[in-house]
2 protein chains.
Amino acid sequence: MARTADPTGRDRILSTATALFYTHGVRAVGMAQVIEAAGCGKNMLYRHFPSKAALAAAYLARVRAQRDRSAQAALDGAWNDPASRLVALVAEVAAWNRRRDYRGCAFRNYLTEFPAGDDEPARVARDYLRDTRHQIDTLVAALGSPPLLADRLWLLIDALYAATGSDPEVAVDWSRELVGL
Amino acid sequence: MARTADPTGRDRILSTATALFYTHGVRAVGMAQVIEAAGCGKNMLYRHFPSKAALAAAYLARVRAQRDRSAQAALDGAWNDPASRLVALVAEVAAWNRRRDYRGCAFRNYLTEFPAGDDEPARVARDYLRDTRHQIDTLVAALGSPPLLADRLWLLIDALYAATGSDPEVAVDWSRELVGL
DNA sequence: GTCTATAAGGGGATAGAC
DNA sequence: GTCTATCCCCTTATAGAC
């Protein structure tokens with residue numbers, strides 16, 4: 001169809017792969033399935049993503065970018081005190097949890113699917129966990145609270161990502177109580 | 001070697017499969033790998049477990065039996081009041097969490113690997129989650145506390161099963177505080 | 001030169017047959 | 001226990017349309 005390079009090609013493929021990987025899991029989705037859903041040729045996919053691991057890493061990086069933007073928006077919409085910002089972070093996870101297409105945490109899910117993985121996607125996943133945990137620690141320190149508060153808030157976030165049928169609002173209310181709001 | 005059926009055969013196979021499935025994930029482990037590790041013939045495995053789904057269901061049922069026994073032992077070792085029993089249940093999960101070979105919750109992991117599954121193993125997994133949640137609800141009702149306590153304790157248990165590097169003791173102490181001990 | 005479509009390589013999956 | 005059938009996996013290579 002197009003004689004010139006399709007600038008939307010890579011993004012369209014990655015968008016398709018992201019939806020499939022997140023919904024069904026990385027292991028359950030084959031490259032052929034991504035190709036068919038994206039409506040592209042095999043050649044094009046492998047030029048942009050030389051392997052499935054590369055595609056999975058790009059998938060996780062894309063989700064991370066979305067999550068970071070969403071978390072930043074939550075912080076921007078909160079009061080400027082550490083307590084409000086901590087609650088805003090928990091509430092943001094809860095809001096994500098309530099989405100109809102919610103299927104847990106993409107990074108924790110990946111590490112469950114590939115427990116011994118130390119390739120690029122695993123690094124992206126572990127970096128996200130480390131960075132978000134660090135974000136909590138920093139805000140708790142700014143609040144002047146003992147590290148125990150960070151441990152507890154992190155437990156709440158872990159629980160929200162597990163999502164075995166609990167009401168996310170319980171966690172948000174609890175976090176508010178924890179930080180003294 | 002043996003002319004009569006090996007009574008330990010089925011159990012040996014299931015034991016091997018349990019270790020492999022739990023450590024590496026169900027999807028990552030092939031039937032050939034189970035056969036080789038169990039040191040049995042292919043026909044013997046398929047005689048006892050006609051499909052991989054049947055083997056996975058038996059694996060989850062076996063883990064459930066272990067978990068139920070362990071939870072019961074924790075209850076038996078606790079005081080007979082609902083508060084102590086609730087803490088004992090949380091502490092039992094924390095103790096499991098501290099094991100070196102801990103790799104998360106077998107049931108939650110399976111549901112992550114097969115999110116749309118409604119076959120036998122998925123039913124075993126979901127039944128476990130439903131029953132353990134019900135166990136918490138019952139004890140909280142016996143304690144005379146509002147359902148919110150059960151929601152919160154369930155969040156702690158979910159968090160313990162996620163286990164992204166938190167100290168399990170934090171959850172146990174928190175549960176003790178929650179039930180008023 | 002850039003895309004799609006198709007075929008094939010090389011391996012491993014589940015499962016069945018003897 | 002071995003051997004085979006069938007299928008799907010990831011990946012590469014080839015051929016054809018614009």
Side-chain angles (χ1 to χ4, degrees), chain A residues 1-60 110 113-122, chain B residues 1-10 12-14 16-60 110 113-122:
Chain A
M1 198 89 66
R3 260 203 310 258
T4 69
D6 180 3
T8 73
R10 196 195 123 103
D11 202 69
R12 203 180 63 247
I13 293 173
L14 184 50
S15 191
T16 304
T18 296
L20 288 174
F21 282 160
Y22 181 64
T23 303
H24 305 289
V26 174
R27 274 203 137 103
V29 174
M31 295 296 264
Q33 196 176 341
V34 175
I35 285 159
E36 195 207 349
C40 68
K42 209 168 265 200
N43 214 332
M44 184 176 177
L45 188 151
Y46 275 100
R47 198 142 33 71
H48 287 299
F49 308 98
S51 71
K52 187 177 182 179
L55 181 58
Y59 146 62
L60 290 179
Y110 182 86
E113 285 196 276
F114 301 86
D118 54 350
D119 49 357
E120 205 198 338
Chain B
M1 210 90 45
R3 260 204 312 260
T4 68
D6 180 2
T8 73
R10 194 195 124 101
R12 202 180 65 247
I13 293 173
L14 184 50
T16 303
T18 297
L20 288 173
F21 283 161
Y22 180 65
T23 303
H24 302 101
V26 175
R27 274 202 136 103
V29 174
M31 295 296 264
Q33 196 176 340
V34 175
I35 287 162
E36 195 208 348
C40 70
K42 194 178 248 190
N43 46 9
M44 184 174 180
L45 187 151
Y46 276 101
R47 172 189 294 284
H48 288 299
F49 308 98
S51 70
K52 185 177 183 179
L55 181 58
Y59 145 63
L60 291 179
Y110 182 86
E113 285 196 276
F114 301 86
D118 56 349
D119 49 358
E120 206 199 338

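In what follows, chains are A, B, ... by sequence order, proteins preceding strands, each numbered from 1. Heavy-atom basis, side chains included; hydrogens, waters and symmetry copies ignored. Worth saying up front: this structure is predicted, and the values here are computed from it rather than measured.
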| query | Which pair of non-hydrogen atoms, one from G9(B) and one from M44(B), has the smallest distance, and what is that distance? | reply |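 Taking every non-hydrogen atom into account, CA-CE, 3.3 Å.
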
| query | Minimum heavy-atom separation for A56(A) to Y110(A), with atom names? | reply |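 Looking at all heavy atoms of both residues, the closest pair is CB-CE1, 4.4 Å.
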
| request: Check if the side chain of N43(B) and the base of dG1(D) share a donor-acceptor pair of N or O atoms closer than 3.5 Å. | output: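 Such a pair exists between side chain and base.
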
| field | Base dT11(D) paired with K42(A) side chain (donor-acceptor, <3.5 Å) | value |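 Between dT11(D) and K42(A), which were checked side chain against base, a qualifying N/O pair under 3.5 Å is present.
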
| field | Beyond-backbone contact of F114(B) with P121(B), side-chain heavy atoms, under 4.5 angstrom | value |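 When only atoms from C-beta onward are counted, P121(B) and F114(B) do not touch, as no gap falls below 4.5 Å.
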
| task | Strictly below 4.0 Å, heavy-atom distances to any atom of DNA chain C: list the hits from residues 44-60 of chain A, or just say none. | result |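 Contacts with DNA chain C under 4.0 Å: M44(A), R47(A).
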
| said: Below 4.0 angstrom, which residues in residues 23-36 of chain A have at least one non-hydrogen atom near DNA chain C? | reply: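 Contacts with DNA chain C under 4.0 Å: none.
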
Do any side-chain atoms of residues 27-41 of chain B form donor-acceptor pairs under 3.5 angstrom with protein atoms, and if so which ones, sequence neighbours left out?
| from | atom 1 | to | atom 2 | distance (Å) |
| --- | --- | --- | --- | --- |
| R27(B) | NH1 | E113(B) | O | 2.6 |

| field | Full working for side-chain contact (heavy atoms from CB on, under 4.5 Å) between L14(B) and H48(B) | value | CA-CA 9 Å; L14(B) 184 50; H48(B) 288 299; over 6 Å; no

| query | Between CD1 of I13(B) and OG1 of T18(B), what distance do you get to the nearest 0.5 Å? | reply |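 Answer for the CD1-OG1 pair, I13(B) versus T18(B), is 11.5 Å.
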
| field | L55(B) side, atom CG; Y59(B) side, atom OH - distance, nearest 0.5 Å | value |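 Result: 10.5 Å between the selected atoms.
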
| said: Within the 4.0 Å heavy-atom criterion, would you say C40(B) contacts the bases, only the backbone, or no part of the nucleic acid? | reply: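 Counting heavy atoms under 4.0 Å across all strands, no contact is made by C40(B).
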
| request: Given side-chain contact (heavy atoms from CB on, under 4.5 Å), test L60(A) with F21(A) step by step and report yes or no. | output: CA-CA 9 Å; L60(A) 290 179; F21(A) 282 160; over 6 Å; no

